[in-house]
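Values below: every heavy atom of this structure, side chains too, minus hydrogens, waters and symmetry copies. We count ligands from 1, going down the list as the structure has it; atoms in each ligand are counted the same way. What you see is a predicted model, and the numbers here were worked out from it, not measured in a lab.
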Amino acid sequence: MKIGCPTEIKPQEFRVGMTPDAAREAVNHGHEVLIQSGAGIGAGFTDEDYVAAGAKMIGTAEEVFAQADMIVKVKEPQAVERKMLREGQLLFTYLHLAPDPEQTVDLLKSGCTAIAYETVTDDRGGLPLLAPMSEVAGRLAPQVGAYTLQKANGGRGVLMGGVPGVAPAKVVVIGGGVVGTHAAKIAAGMGADVTVLDRSLPRLRYLDDVYGGTFKNQYSTAGATADLVREADMVIGAVLIPGAAAPKLVSRAQLSEMKPGAVLVDVAIDQGGCFETSRATTHADPIYEVDGIMHYCVANMPGAVARTSTQALGNATLPFLLNLANKGWKQACEDDPHLLNGLNVHAGQLTYYAVGKALGIDVISPSLALKS
Ligand SMILES: NC(=O)c1ccc[n+]([C@@H]2O[C@H](COP(=O)([O-])OP(=O)(O)OC[C@H]3O[C@@H](n4cnc5c(N)ncnc54)[C@H](O)[C@@H]3O)[C@@H](O)[C@H]2O)c1
């Protein structure tokens, strides 16, 4: 198969769909890998790295799209890219179609087959191609929060780990899923005094079993949250209610009870945020203040560490990518129902129920698409 990887063109996107390592694996499986020249620069991969891996460098996105059987990307195709997709071409990338009618219509019109990273599943009920980005955002949260806590950045001037004789920072993590667990691990590793709140008892049992000696956990009620937030130097928002906007768990009124210069890091901002005063910010201007409390609410946190994020995403996508290339999408999806769950669009028809429901477009079952 000819696998094409164009340069990402969405503003502030520095990741790339294939690492040189992924390119090498695909080449070793007998595929031809076409990388747009410069595609890896933002993530620290040079054209020479790709050439050494056996890939062929291509001058323009137009040529990549024209030649490739499968396009591998990170972000959803932008309008100009959607025009380059063609009937029968396979697209493997994040799509997030439900809130995006324009993209959905364009993909349907193109006649391509599109598999969305975010809806591929695993047998533990997880989302294996979203998890790596949650791991990155979770681990980044205490790092950006610690920087924001510094006096010159508007924070309380508290060191995460304290020093001998001085207490460490108190960190509260609301939501103990993928983001929350990774955030708590890193905050505890920095020496902070960490408590994780969650509403799922099985999850709390897991956290207690595995991390009981590293950080505390508590059942998430409004009362417990209010008590912990009042005492906190840093609060990390990491809740998720699948398919719904994040619940607002800290109100504006509560900010006045907090310590001046305390920091809120709202990782859940991509689902609307879990603090009433959260509004999405960008890496160019990530921090703002409300009622003396510092807020960090960047909606695409993994972009800050594009190299790590590209490698983490590449590790997760590679086995699926190889199956798609080795077997063709139909056989690969027939053999793996979790990959089939990723199928969103095929030959002008939607194949993902939740997207159809959100956009009022008819849907055919993915298994019917396999037979077409
Ligand atoms: N800003 C970014 O760049 C970025 C990057 C990755 C993920 N995210 C977002 O981070 C959020 C968390 O993602 P995740 O992968 O950890 O999800 P997850 O499903 O693994 O974990 C969410 C956890 O929240 C818990 N929860 C739900 N309601 C709660 C409540 N009221 N109180 C306490 N806990 C509650 C759930 O029980 C679950 O354990 C999502 O909104 C995700 O989209 C943002």
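Considering H31, E32, Q89, M1 in turn, M1 is the only one that fulfils the side-chain contact (heavy atoms from CB on, under 4.5 Å) rule with D69.
With sequence neighbours left out, A55 forms a side chain to side chain contact (heavy atoms under 4.5 Å, CB included) with A23, V33, I35, Y50.
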Chi angles and distances behind the side-chain hydrogen bond (donor to acceptor under 3.5 Å, both in side chains) call for T181, R203: CA-CA 10 Å; T181 306; R203 191 66 192 171; 2.9 Å; yes
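Of the candidates A141, S220, G126, S220 brings a heavy atom nearest to atom 33 (C) of ligand 1.
If you look at M301 next to ligand 1, the close heavy atoms, those under 4.0 Å, come from the backbone and the side chain alike. Of all the heavy atoms of N300, the ones lying under 4.0 Å from any atom of ligand 1 belong exclusively to the backbone. The proximity of A299 to ligand 1, defined as any non-hydrogen pair under 4.0 Å, is limited to the backbone.
If you check which protein heavy atom lies closest to atom 25 (C) of ligand 1, you get D198 OD2, 3.3 Å. If you check which protein heavy atom lies closest to atom 21 (O) of ligand 1, you get G177 CA, 3.2 Å. Remark: minimum distance from atom 31 (N) of ligand 1 to any protein heavy atom is reached at R199 CD, 3.4 Å. In this structure, the protein non-hydrogen atom closest to atom 22 (C) of ligand 1 is L240 N, 3.4 Å. The shortest contact between atom 44 (C) of ligand 1 and any protein heavy atom is with V267 O, 3.0 Å. Nearest protein heavy-atom neighbour of atom 41 (O) of ligand 1: Q271 CG, 3.1 Å. Of the protein's heavy atoms, V179 CG2, 3.6 Å lies nearest to atom 10 (O) of ligand 1. When only non-hydrogen protein atoms are considered, atom 35 (C) of ligand 1 lies nearest to V239 CG1, 3.6 Å.
Heavy-atom proximity to A137, at under 4.0 Å, picks out these atoms of ligand 1: 4 (C), 5 (C), 6 (C). Listed by number with element, the atoms of ligand 1 under 4.0 angstrom from any heavy atom of L197 are 33 (C), 34 (N). The distance from ligand 1 to the heavy atoms of S200 drops below 4.0 Å at these ligand atoms: 37 (O).
A donor-acceptor pair under 3.5 Å is formed between the side chain of D266 and the backbone N or O of C274.
Surrounding OH of Y353 are at most 12 heavy atoms belonging to other residues, nucleotides or ligands under 6.0 Å away.
Taking the centre and axis of the six-membered ring of F14, the NZ or CZ atom of R307 falls outside the cone set by 45° and 6.0 Å.
In this structure, H346 and W329 have tilted ring planes: the angle between them lies in the 30° to 60° band.
An N or O contact shorter than 3.5 Å is missing between L249 and ligand 1 by distance.
To the nearest 0.5 angstrom, T119 atom OG1 is 9.5 Å from H96 atom NE2.
The closest approach between any non-hydrogen atom of L130 and ligand 1 is not below 4.0 Å.
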